[in-house]
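Single-structure report; data block below.
Atoms considered below: every heavy atom in the structure, side chains included; atoms not considered: hydrogens, waters and symmetry mates.
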Amino acid sequence: MPFIHVYVKKEGSFRMKDYTREDVVRVCKEEDVEFIRLQFTDIFGTLKNIAVTVSQLEKALNNEFVFDGTSIEGYDREWGADLFLHPDYNTFEVFPWRPQQGKVARLLCDVYTLDGKPFEGDPRYILKRAVKEAEELGYTLNVGPECEFFLFHSDENGNPTTVTHEQAGYFDIGPLDLGENARRDMVLTLEEMGFIIESSHHEAAPAQHEIDFHYADALHTADNIMTFKLAVKTIAKRHGLHATFMPKPKTGCDGSGMHLNLSLKRDGKNIFADKKDELGLSKEAYYFIGGLMKHIRAMTLVLNPLINSYRRLVPGYEAPVYTTWSDKNRSHLIRIPVSRGENTWVELRSPDPAANPYFAIALVLMAGLDGIKNKLEPPKKVDRAIKTLSEKEKKALGAEVLPDNLIAAIEAFKKDPLMKETLGEFAYQKYIDNKLKEWNDYKAQITEWELNNYLYRY
């Protein structure tokens, strides 16, 4: 069985093949699997796991593995005391980078409480809840992410640096692109794991790369992003490199984004398309954009979750700063790519790869649905590059500025009821509390910039 993650083409998209517990047990025997990693995600999008031997597989598949969640950042001292891992059989993977004998596999898990209920702080559960609400309205969200990252050298102790010897730029090739071999191995590894890789290339900044994989429904895309990050970091390390999804690790160059290409389907048909419209967009597409526009400033805390995220969201680079949209220009928050018909997408360009993909996609979905349910018209589209617009023109268009630091994003997040409705009281409050702590810790630091500018002068 060469591939464990199988996609089957159906109605123009791809879905994952269903696996039973018997399939998982059988493949472990056939593939000589010795270790199983039971993986889950915390509220900040960090992958966690418990490793068990294959002798404990039955126990794992019976949902009997309990862990103490009180030490997991963002969890609760009371709620997290005893939590159970419920493996999702469809996420079973045999890691291709592990030994051929005594292989290692993984299962992504949902987190449950002692009384058998979904844990309110489990990002996967929160996204499932949003997906269910969409399904009750007849909608399925498809998401195609564009994940960017940097490849830097590691030092003699294996610790990450921001050092690179290359000066390659957008779409450059080897020998200018010194990460070409590592990127090729990443693509081959991801394909072996069942990903459908559409393209890969060097990005605009030195040492910056992008690998794009095929869209899937909301939950599978979030799972795939977590798997993608793990695979990229693992293969980079085998090449003596460090892969980072930090939004902007170096001053003076473009940061890394994670653009989300979004479409809604009903009865297998893309409802964003309408060939009678001037732009080829349906009313639902316009309303979806309207919903994103209404909630984008609040969602920024999740889409751009780090202090460092706001180093990317500054004028002069490709990342958006204003709440504008266009069907032509790439400098805006939302762009409508050129394809139409069944390939009509709404591209949201502000998210960065540090975002928790489960939270990010859940919020984007609920914001878009709010637009559809309440028929929220978007502002007028903009055909020109944002940098060519005067402040007066931006004001006339109703263009707002995205939050420019973490505390501004926290305040916007707190003012929008949809954020709490989507995440739930527990995750919502824990997320705010931890982000406030992050901001306060940051404010207490003395930066290198301050020392360079003030120490000698004053």
Of all heavy-atom pairs between [X] and [Y], which one has the smallest distance, and what is that distance?
| X | Y | value |
| --- | --- | --- |
| N270 | S263 | ND2-CB, 3.9 Å |
| L376 | G291 | CD1-CA, 4.1 Å |
| K229 | A355 | NZ-O, 3.9 Å |
| L292 | V346 | CD1-CG1, 4.2 Å |
| F119 | Y125 | O-CD2, 3.7 Å |
| P118 | Y112 | N-CD2, 3.5 Å |

Are [X] and [Y] linked by a side-chain donor-acceptor pair shorter than 3.5 Å?
| X | Y | result |
| --- | --- | --- |
| D416 | H295 | yes |
| S154 | H242 | no |
| Y286 | D277 | yes |
| D433 | Q429 | yes |
| D352 | S309 | yes |

What I want to find out is whether [X] reaches [Y] closely enough, with some N-O distance under 4.0 Å, to be called a salt bridge.
| X | Y | value |
| --- | --- | --- |
| E438 | K435 | yes |
| R335 | D327 | no |
| K437 | D441 | yes |
| E278 | K381 | no |
| R124 | D88 | yes |
| E120 | R129 | yes |
| E347 | R349 | yes |

Check side chain to side chain contact (heavy atoms under 4.5 Å, CB included) between [X] and all other residues, then give those that pass, not counting sequence neighbours.
| X | value |
| --- | --- |
| A207 | F150, F152, T164, E166 |
| F95 | R37, Q39, W97, R98, V104, R106, M193, L230 |
| K443 | W439, N440 |

Side chain to side chain contact (heavy atoms under 4.5 Å, CB included) assessment of R266 paired with T140:
CA-CA 6 Å; R266 184 194 289 126; T140 298; over 6 Å; no
Going by the rule side-chain hydrogen bond (donor to acceptor under 3.5 Å, both in side chains), which residues pair with D115 if we only count those two or more places apart in sequence or in a different chain?
T113
Residue pairs passing the side-chain hydrogen bond (donor to acceptor under 3.5 Å, both in side chains) test with at least one member in residues 390-402, sequence neighbours excluded, are Y322-K394, R384-E393, S390-E393, E391-K394
Please work out which of the three classes, parallel, tilted or perpendicular, describes the rings of Y431 and F413, given edges at 30° and 60°.
tilted
Judged by atom type as modelled, is there a donor-acceptor pair below 3.5 Å linking the side chain of [X] to the main-chain atoms of [Y]?
| X | Y | result |
| --- | --- | --- |
| R312 | S350 | yes |
| S331 | A385 | no |
| D82 | L114 | no |
| H202 | G169 | yes |

Evaluate whether atom [atom1] of [X] has more than 12 neighbouring non-hydrogen atoms of other residues, nucleotides or ligands under 6.0 angstrom away.
| X | atom1 | result |
| --- | --- | --- |
| R330 | CZ | no |
| F84 | CZ | yes |
| K373 | NZ | yes |

Minimum side-chain heavy-atom gap D217-V143 below 4.5 Å:
no
I'd like to know whether F67 forms a ring pair (Phe, Tyr, Trp, His ring centres under 6.0 Å) with F40, so could you lay out the CA-CA distance, the side-chain angles of the two residues, the decisive distance to 0.1 Å, and finally the verdict.
CA-CA 11 Å; F67 71 98; F40 62 100; 4.8 Å; yes
Donor-acceptor pairs under 3.5 Å, side chain of residues 244-254 to any protein atom, not counting sequence neighbours: which ones?
residue, atom, partner, partner atom, Å
T244, OG1, M246, N, 3.0
K248, NZ, C253, O, 3.0
K248, NZ, R311, O, 3.4
K250, NZ, T162, O, 3.1
D254, OD1, E318, N, 3.2

To the nearest 0.5 Å, what is the distance between CD1 on I334 and NE2 on H259?
12.5 Å
Given the rule in the salt bridge (Lys or Arg N to Asp or Glu O under 4.0 Å) test, do E425 and K430 qualify, once you have shown the distances and angles that lead to the verdict?
CA-CA 9 Å; E425 175 69 35; K430 283 295 176 184; over 6 Å; no
Let me know which of D404, L303, N304 forms a side-chain contact (heavy atoms from CB on, under 4.5 Å) with L313.
N304
Answer with yes or no after comparing the ring centroid distance for F195 and F213 against a 6.0 Å cut-off, counting only values under it.
yes
